[in-house]
There are 2 protein chains.
Amino acid sequence: MAIKKQRAVRRTDALSKERIVEAAIEILDSDGEGALTFRTLAAHLATGSGAIYWHVANKDDLLAAATNDVIARVMADLPGGARPREAIRALALGLFDAIDAHPWVGTQLSRAPWLAAIPQIFEGFGSRLEGFGVPEGAQFDATSTLVIHVLGVAGQNAANARLHAHRTDRTAFLGEIAQQWAQLDPARYPFVHRVAAQLPEHDDREQFLVGIDLILGGIEAANPGPSPRT
Amino acid sequence: MAIKKQRAVRRTDALSKERIVEAAIEILDSDGEGALTFRTLAAHLATGSGAIYWHVANKDDLLAAATNDVIARVMADLPGGARPREAIRALALGLFDAIDAHPWVGTQLSRAPWLAAIPQIFEGFGSRLEGFGVPEGAQFDATSTLVIHVLGVAGQNAANARLHAHRTDRTAFLGEIAQQWAQLDPARYPFVHRVAAQLPEHDDREQFLVGIDLILGGIEAANPGPSPRT
DNA sequence: AGTTATGATGGAACGTTGTTCCATTCTCAT
DNA sequence: ATGAGAATGGAACAACGTTCCATCATAACT
């Protein structure tokens, strides 16, 4: 008998991994990835860096937990009951929007494949591909391609965010890159030249979705079957 | 008149950006990304860190130059004259193999979109898509999707390399991840469970190429036209 | 040839970071 | 009340990127 009491709260402001991760996310969101140090975090929590290490193994552990939090929220908020193709697109867009809102998540995803968030994403796409009519033998490769697309865009988005962190205008920033591209040798870079003009006005989100659709189209074409699609 | 003499070589072992980049690549390749510091680099070149900064703006600049070197070599070594689809696959495989041989290139590519290497890759895929029969309006999105796939795989590859840097066996490493995946709740992760078994034995290079083919298939399906494909 | 301005060099020093260490405090079971 | 272990907070350490500066070598100019 004698069931141990749950540990009572030590103080109302007691430290815990949840509180630490929450504070870290706040700092990352408001001041960018560069602003998260154990010192700013300790200051934000009114404690010392040593105390944080009691709850968190190291910075990677902390970032992994924060990333998991964000991704888990995305997976939980997904609308159910949609047709297969729409379900896949909704998942992809949910991930994109989360990464767009928290660029540091993009950095983490694109450099940490052991992250607990990855199986979640994998499961999300993989299980929905079943309903899309993809035979079992082709599911692994098809899922990987979709996941890679998400992670690839995540990394580029995060990199862009790091760049125009100080800048006000996003279009102006893309304009600068377009100008650099336009200054390349037209003989060696004809395509880049032609495309540079579209750079400042293009919509990342839309282009991301076009990519998802291209991949889905390729999956369909590679796996013609009797299953209902749409 | 009096044409200025070209600067004579100061000493045979004079420092230069080329020599610095070359040394950096050696360190990165043999000892991994973590091993490249301005101190190890200075020791390798038998000089001081200050001297390096005379030729190189900062570490980002150095890494960008090193990455450019590798990518430029890939673009130069491509076989010409192949049919469009094969040309695209050859380019993709060339990039994959380079990133596989130099994982640190993957890290750079997936976190630096302003890199001079990116327009090169863009041009490589974009110009070849023309021959593939993609109408001009669709070329930007199609190219982006291919580039994103390469950059996405680059990032994941680099992350994997960072992980089993110390380990001997790659299959054993994948086996560990597969085991982690297999320990997830089967009710919530049925797909991940089914796929975990394929993880240790799957071939990254082959799966990368399947992704390229899926995207190409999607591009074909989205742009039916009279142009010769194959 | 001697002088001078500038190109280059090498190493010390600075500020910041992640992490470790440790003396101290707090809480609970006895 | 007391001892044990959980938890805390801040000092200290090692490593890093970068800056600074005293010094040397070379090319141009008298």
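Within every chain, numbering begins at 1; the chains are lettered A, B, ... in the order of the sequence lines, protein sequences first and strands thereafter.
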Between B:His55 and C:dG7, does any side-chain N or O lie under 4.0 Å from OP1 or OP2?
no
OP1, OP2 of D:dA7 versus side-chain N and O of A:Trp54: anything below 4.0 Å?
yes
Name the pairs: protein N/O against N/O of nucleotides 15-22 of chain D, kept only if under 3.5 Å.
| residue | atom | partner | partner atom | Å |
| --- | --- | --- | --- | --- |
| D:dG17 | OP1 | B:Lys59 | NZ | 2.3 |
| D:dG17 | OP2 | B:Phe38 | N | 3.2 |
| D:dG17 | N7 | B:Arg39 | NH1 | 3.0 |
| D:dG17 | O6 | B:Arg39 | NH2 | 2.8 |
| D:dT18 | OP2 | B:Tyr53 | OH | 2.9 |
| D:dT18 | OP2 | B:Lys59 | N | 2.9 |
| D:dT18 | O5' | B:Tyr53 | OH | 3.2 |

All salt bridge (Lys or Arg N to Asp or Glu O under 4.0 Å) counterparts of A:Arg194, not counting sequence neighbours:
B:Glu130
What do the steps show when you test B:Asp29 against B:Trp104 for side chain to side chain donor-acceptor pair (under 3.5 Å), and what is the final call?
CA-CA 8 Å; B:Asp29 281 345; B:Trp104 52 272; 2.8 Å; yes
Under the side chain to side chain donor-acceptor pair (under 3.5 Å) definition, can you give me all pairs with a residue in residues 54-73 of chain B, not counting sequence neighbours?
B:Lys17-B:Asp61
Report the relative orientation of the aromatic rings in B:Phe140 and A:His202; use parallel for angles under 30°, tilted for 30 to 60°, perpendicular for over 60°.
perpendicular
Is any NZ, NE, NH1 or NH2 atom of the basic residue among A:Glu33 and A:Arg162 found under 4.0 Å from an Asp or Glu carboxylate oxygen of the other?
yes
Could you state the atom-to-atom distance from CG of A:Leu45 to P of D:dG9 in whole Å?
10 Å
